[in-house]
Amino acid sequence: RQVLGRLPGALDLILTDVAMPGGMGPQLAAEVRQAHPSVRLLYMSSYSRKDLLGHGIDLGKEDLLAKPFMPAELVARVRASLS
């Protein structure tokens, strides 16, 4: 979070886990979007979208990459998110 204020230019994509030590991915995304409103989001999680909803976490239409994943799948999803 401290790094975001020092980044020059726009961000194209944020790849974040939904649940992280010290915070949640959706909270981080909301903070980033204040400074970079057009940033695309790609969440990753070992929980399904349904499980996340059961815990009160609604990712809306944002993309969710299920863990575990192979490197090629990650690359494909990042490319798709950026196109």
Side-chain angles (χ1 to χ4, degrees):
R1 291 178 181 151
Q2 296 172 2
V3 173
L4 291 173
R6 297 184 301 220
L7 292 176
L11 293 178
D12 296 317
L13 176 72
I14 294 175
L15 170 64
T16 184
D17 204 316
V18 174
M20 304 178 295
M24 298 293 286
Q27 293 168 337
L28 173 65
E31 290 177 25
V32 171
R33 280 211 162 133
Q34 288 178 6
H36 304 276
S38 64
V39 70
R40 293 180 177 110
L41 295 170
L42 175 56
Y43 290 105
M44 57 184 161
S45 181
S46 57
Y47 295 100
S48 70
R49 194 174 289 271
K50 182 179 177 181
D51 290 337
L52 291 169
L53 278 172
H55 290 285
I57 302 169
D58 184 1
L59 301 179
K61 294 188 247 180
E62 302 298 347
D63 202 6
L64 177 63
L65 178 61
K67 289 185 197 176
F69 50 83
M70 299 298 293
E73 183 179 4
L74 174 60
V75 169
R77 296 291 285 278
V78 167
R79 284 187 179 145
S81 293
L82 290 172
S83 62

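Positions are given from 1 along the sequence.
- Note: Asp51 CG to Ile57 CD1 = 10.5 Å, rounded to the nearest 0.5 Å.
- In this structure, CE on Met44 lies 12.0 Å from CD on Glu73, to the nearest 0.5 angstrom.
- Cluster membership check: Val39 does not share its hydrophobic cluster with Leu15, using side-chain heavy-atom separations under 4.5 Å among Ile, Leu, Val, Met, Phe, Trp and Tyr.
- Rounding to the nearest 0.5 angstrom, the gap separating the CD1 atom in Ile14 from the CZ atom in Arg33 is 7.5 Å.
- Counting only distance, with no hydrogens or angles, the side chain of Arg40 and the backbone of Glu62 share no donor-acceptor pair below 3.5 Å.
- If you take CZ on Arg77 and CG on Leu42, they are separated by 6.0 Å, rounding to the nearest 0.5 Å.
- Between Leu65 and the choices Asp17, Val78, Leu74, the side chain to side chain contact (heavy atoms under 4.5 Å, CB included) rule is met once, by Leu74.
- Inter-residue side-chain proximity for Leu64 and Val18 is flagged as met; some heavy-atom pair is nearer than 4.5 Å.
- In this structure, the side chains of Asp63 and Tyr43 stay at 4.5 Å or more apart for every pair of heavy atoms.
- Rounding to the nearest 0.5 Å places CG of Leu41 at 7.5 Å from CG of Leu13.
- Rounded to the nearest 0.5 Å, atoms CG (Asp12) and OG (Ser38) are 8.0 Å apart.
- A pairwise comparison of heavy atoms in Met20 and Met24 identifies CE-C, 4.0 Å as the closest pair.
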